[in-house]
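Every chain is numbered from 1, with letters handed out A, B, ... down the list of sequences. For the numbers below, each heavy atom of this structure counts, side chains included, while hydrogens, waters and symmetry mates do not. All of these numbers come straight from a predicted model, not from anything done at the bench.
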Protein chains: 2
Amino acid sequence: MGTKAEPGSVRPGGRTARVRAAVLAAAADALVEHGVHGLDLADVARRAEVGKTTVYRRWGSVPALVADLLEDMAEQSLPRVETGALLGDLTANARLVRRTLADPRQGALFRAVIAAAACDERTARALHRFYAVRIAEWAPCVEQAVERGEVPEGTDAAEVVRAVSAPLYYRMLVSGDPLDEAAADRCARAAVAAARAGAYAPAGPGRG
Amino acid sequence: MGTKAEPGSVRPGGRTARVRAAVLAAAADALVEHGVHGLDLADVARRAEVGKTTVYRRWGSVPALVADLLEDMAEQSLPRVETGALLGDLTANARLVRRTLADPRQGALFRAVIAAAACDERTARALHRFYAVRIAEWAPCVEQAVERGEVPEGTDAAEVVRAVSAPLYYRMLVSGDPLDEAAADRCARAAVAAARAGAYAPAGPGRG
DNA sequence: GCGTTAACGGAACAGGAGTTCCTTTTATGG
DNA sequence: CCATAAAAGGAACTCCTGTTCCGTTAACGC
């Protein structure tokens, strides 16, 4: 009477895992080449050398496939850099984000994935989880800055981290301005300046 | 011998204009309901009460239709608010952007349009033009702040304006955090604090 | 107004995405 | 190693998106 288990969940080993890996890799390739709009599951199946039926049965739609790809990507987290100063840490973060978005392959993949999330609620949730993990990974560098007295008590660490990458994503997705390293450094400088001025602390906009 | 004129360019009056308006309105409705992924031109034609052939002939593809919609949207610019202080002006801007993105219809439309631009180069160019206009519209309020001595000489006005909306777009498209008015106000405060500290001036990150 | 022809509209057509059904392979428990 | 059934694979089918063809309507110049 219960709901039937999702295909792939009862025997996840061996062939099933191989098929998943091949399909996700092929999906990433296809996304990089054609974007979400030009993606069709038959093509993904062909690239993965897997039966078309399998892709339709296990994922069923483009958004669902992208959501699964995101969950796979979320598991690969990059280690955080620690320089001992907030500006150094956030500059490292900004440069990492910039390099990722400016990279032909990675950048295209992120653009495609974000576009997919803009169309589909389920994909959006997967994307939010992905970024929640990344932001949580970098938040401690702001907390350490609070402990060192670099920024006011009560500063919202996650908000500062978001403030660093937001302008970079804005450039890539919205305004189209160049994604050079100077822009990344400016993001970090601005976030640090705003945090020092207390713009991310509940107390208010006080200037220090 | 020359290239044949685009359909609709030789006799743009009367019926042709009516058809364009009806199709663009229908496209906006369809985008709000289904997003770019679920958009098909036959459905748009049905909503616009226009021949399917017409839509395919004049626009031909989803990205091209969205690009035309964007050019239409770019012509409707909202007047800028002037409060006499940078924080006031930028807070007004941030709240306007937030209200637009949080609105069920407008927000969905912007999300769809940005997603379309992420897939297609031509749509991306139309989107960039759209935002170039909007940013140029608001840049003067930063220039006035420079004249008043609120922020350092040489501050990049456009960059400050971008810094205000970037976190709002980031929330909507990437992280999924709530788009409330407190967030908008924080964006404005942070941008002002960073600008005052000279983070957007070429001189460097100096703290004033 | 009137003629020319740009642009629209309906209908029939083509191709491919997504589905269904059934067979073959192979992961997993004993 | 064997039995079971979960998952993959192949092929035929359906339906819908996008195209083509040609007849109809109505802008725009005179």
Taking only nitrogen or oxygen atoms into account, show me every contact under 3.5 Å that the protein makes with nucleotides 27-30 of chain C, one pair per line with its distance.
| unit_1 | atom_1 | unit_2 | atom_2 | d |
| --- | --- | --- | --- | --- |
| dA27(C) | OP1 | R15(A) | N | 3.3 |
| dA27(C) | N3 | R11(A) | NH1 | 3.0 |
| dA27(C) | N3 | R11(A) | NH2 | 3.2 |
| dT28(C) | OP1 | G13(A) | N | 2.9 |

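The interatomic distance linking W59(B) (CH2) with dA7(C) (P) rounds to 12 Å, in whole Å. Regarding R58(B), its CZ atom lies at a distance of 16 Å from the P atom of dT19(D), rounded to whole Å. In this structure, R57(A) atom CZ and dA5(D) atom P are separated by 18 Å, rounded to whole Å.
Checked for salt-bridge contact, R47(A) and D43(A) meet the test: a charged N lies under 4.0 Å from a carboxylate O.
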Base versus backbone protein contacts along nucleotides 12-17 of chain C [heavy-atom cut-off under 4.0 Å; B, S, -]: -----S
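A donor-acceptor pair shorter than 3.5 Å can be found between the side chains of Y169(B) and Y131(B). Residues T91(B) and D185(B) have side chains that never bring a donor and an acceptor to within less than 3.5 angstrom of each other.
For the pair I135(B) and R162(B), the minimum side-chain heavy-atom distance is below 4.5 Å. Counting only heavy atoms from C-beta outward, the side chains of F110(A) and Q106(A) approach each other to under 4.5 Å. Taking the side chain as every heavy atom from C-beta outward, L87(A) and E150(A) never approach each other to under 4.5 Å.
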Residue pair R171(B), E159(A): steps toward the salt bridge (charged side-chain N to carboxylate O under 4.0 Å, His left out) verdict: CA-CA 11 Å; R171(B) 278 162 176 260; E159(A) 191 65 22; 2.8 Å; yes
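Taking 3.5 Å as the limit, the base of dG9(D) and the side chain of T53(A) contain no donor-acceptor pair of atoms between them.
A side-chain donor-acceptor contact under 3.5 Å links D89(A) to the backbone of T83(A).
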